[in-house]
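Encoded as structure tokens, the structure appears first; notes follow it.
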2 protein chains.
Amino acid sequence: MDVIGKDDAGRRWSIGEIARASGMTVRALRHYDEIGLLSADERTASGHRRYTERDVRRLYRVRALRALGLSLEEIASVLADSEGDLAAMRDLLTAQLRGLEAHAVRIQQLTHRLHGLLEQIDGALMPDPDQFMTTLEMISVFETSFTTEQREQLARRRTELGSEAVEAAKTEWAGLVEELLRHVQDGTPVDDPQVRALVGRWDTLASGFHSDGEDGERTKAAAQRTWEENSEEIGRGLPWPVDRMRDLVHYLERARQAG
Amino acid sequence: MDVIGKDDAGRRWSIGEIARASGMTVRALRHYDEIGLLSADERTASGHRRYTERDVRRLYRVRALRALGLSLEEIASVLADSEGDLAAMRDLLTAQLRGLEAHAVRIQQLTHRLHGLLEQIDGALMPDPDQFMTTLEMISVFETSFTTEQREQLARRRTELGSEAVEAAKTEWAGLVEELLRHVQDGTPVDDPQVRALVGRWDTLASGFHSDGEDGERTKAAAQRTWEENSEEIGRGLPWPVDRMRDLVHYLERARQAG
DNA sequence: CTAGGACCTTCCGTCGCGGCAGGTTCAAGC
DNA sequence: GCTTGAACCTGCCGCGACGGAAGGTCCTAG
């Protein structure tokens, strides 16, 4: 019968045999030994590792937990906790699940953003690489300035709009910024009908981001003032691209006054 | 007017100013310098970095691309390619998107598996930690043995069934294996009605995995033989858990002959 | 007895920095 | 001009989970 807790008898395996059988590499097994996660119970006189059946059982557990995405440290702790405390295990797996969910959200955001940018490239809307990079810079500035100060407001709006709407808006900014920048650079008059249409879209998007609980006009002014403050605070003397953004906002202001 | 390509005139910024303005850390900027991604154009006589406007522009591009999840090496290469080759950029972003999609699939799988395991724990179906670990080991062995030899077949079935169905099946294995293992250990007679029901579920699941283009009986035999070969090949003398799996399969065989 | 494969330890590399040690320099106030 | 504290410099170790190589020892089949 089985003698539990003793390995006086029974087969021993070399590290290579264990590796071939378990699908792990010899190097990984030695690493587990190094960090104390799984060391061979015995050594031969010459120092070769001899794994016992108990070791093999532990290895299979390690591998199973690693396949679930746990770190080696977490695995060590959960295997140390009475070799299988289900409550600790449940907590760990739950935490792992939370982490994965957060990760999934992040990936979703990035995926959406990349789709938007690729569409812009493929749509031949942006033949100029420099312009494209500038747009990227703008979005970067735009997002970081908002995530620093107005994260809470954005979070509230996000729950109302649904996060997809926010993401969609973000990628729509790309094209909008690009077109308006071109007009700023070209010095297109602010009462140009095309410009007015773009400004209209801008304000629509902006009002979606800011709290428009009061009246609409005050909101737009507030949005603009927010930008002023942000650029002053963030880009203390920096010319790029906060400065370009400021130019763009000034241009927008003039366009609104002209309309 | 702007003098492009020359920075003889214009403001210079220290590394701290750049860091505060861009939201990056001083350490990160020095790292970018170290790896040659972004070095300050000039140095003071004493060695302090002096960043020019060109550097700042490059930094913003780096930050934007990093926010899209690109590696610093990729960023360096795409910024080196004529400072903005849109085709190269498009390729990189596309590759990035592919990577993210693959990542999302992986996360989805892990999430599903974790949900299944947590349900089993919470459902009080598994009061014994050791039994739970054993189940984990089984699933691990099961999956690795299938991913090595029959990956193509599985892939074909996956596209037919839809990946969710395959995932659902995988987590259903957990409970099935656990219950059957208990019967094997307890020595429940193979003609027990409960055991027969479990075997029925097992075969149903298995037939979903294997190609059942021919007749059903041959499929089951083939599935079983596959297991035999796998355990022989993989666990050459290993007692655990391939051996337990072999016992389980033998038990299944006897149950089928009894039925 | 010999050959070649399996095994051993030790160290360096990954990726994107964080953080510290130990030294120099800058800018403001006196 | 002097002091002082903040900012800057280089250089090194650390992280996680190993991969890979160097240089040596051991095992086993023929």
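The sequence lines fix the lettering, A, B, ..., with proteins before strands; numbering per chain opens at 1. Note that the structure is a prediction, hence the values are computed from the model and not measured.
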If I take atom [atom1] in residue [X] and atom [atom2] in nucleotide [N], what distance separates them, rounded to the nearest angstrom?
| X | N | atom1 | atom2 | value |
| --- | --- | --- | --- | --- |
| A/Arg43 | D/dT25 | CZ | C1' | 14 Å |
| A/Leu29 | C/dC7 | CG | P | 10 Å |
| A/Glu34 | D/dG19 | CD | C1' | 12 Å |
| B/Arg49 | C/dT25 | CZ | P | 15 Å |
| A/Glu42 | C/dC8 | CD | P | 14 Å |
| A/His48 | C/dG5 | NE2 | P | 16 Å |
| B/Arg66 | C/dG16 | CZ | C1' | 8 Å |
| B/Met24 | C/dG18 | CE | C1' | 13 Å |

Within less than 4.0 Å of OP1 or OP2 of [N], is there a side-chain N or O belonging to [X]?
| X | N | answer |
| --- | --- | --- |
| A/Arg63 | D/dA17 | no |
| A/Thr25 | D/dC18 | no |
| A/Tyr32 | D/dA17 | no |

Quick check: on DNA chain D, is the nucleotide nearest B/Arg27 upstream (toward 5') of the one nearest B/Ser14, or the reverse? Name the residue that is more 5'.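 Result of the comparison: B/Ser14.
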Which residue, B/Arg50 or A/Ile35, contacts DNA chain D at a nucleotide closer to its 5' end, judged by nearest heavy atom?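 Result of the comparison: B/Arg50.
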Given B/Met24, which of B/Ile15, B/Ile18, B/Leu59 fulfils the side chain to side chain contact (heavy atoms under 4.5 Å, CB included) condition?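 Output: one option passes, namely B/Leu59.
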Within the structure shown, what part of the strands sits under 4.0 Å from [X] by heavy-atom distance: base, sugar-phosphate, or nothing?
| X | answer |
| --- | --- |
| A/Thr44 | nothing |
| A/Arg30 | base |
| B/Ile15 | sugar-phosphate |

Restricting to non-hydrogen atoms, name the atom on B/Gly69 and the atom on B/Gln96 that form the minimum distance, rounded to 0.1 Å.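 The pair with the smallest heavy-atom distance is O-NE2, 3.1 Å.
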Using every non-hydrogen atom in the two residues, find where B/Arg50 and B/Asp55 come nearest and quote the distance to one decimal.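 Looking at all heavy atoms of both residues, the shortest contact is O-OD2, 4.2 Å.
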Which one, C/dG16, D/dA17, C/dT25, comes nearest to the side chain of A/Leu72?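 Of all the options, the side chain of A/Leu72 is nearest to D/dA17.
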Strictly distance-based, threshold 3.5 Å: is any side-chain N or O of B/Arg58 a donor or acceptor partner for the main-chain N or O of B/Leu37?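 Yes.
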Between B/Glu119 and B/Gly116, is there a donor-acceptor pair closer than 3.5 Å when you use the side chain of the first and the backbone of the second?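 No: the side chain of B/Glu119 does not pair with the backbone of B/Gly116.
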Nearest-nucleotide 5' precedence on DNA chain C, B/Glu73 against B/Ala45: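 The residue mapped nearer the 5' terminus is B/Glu73.
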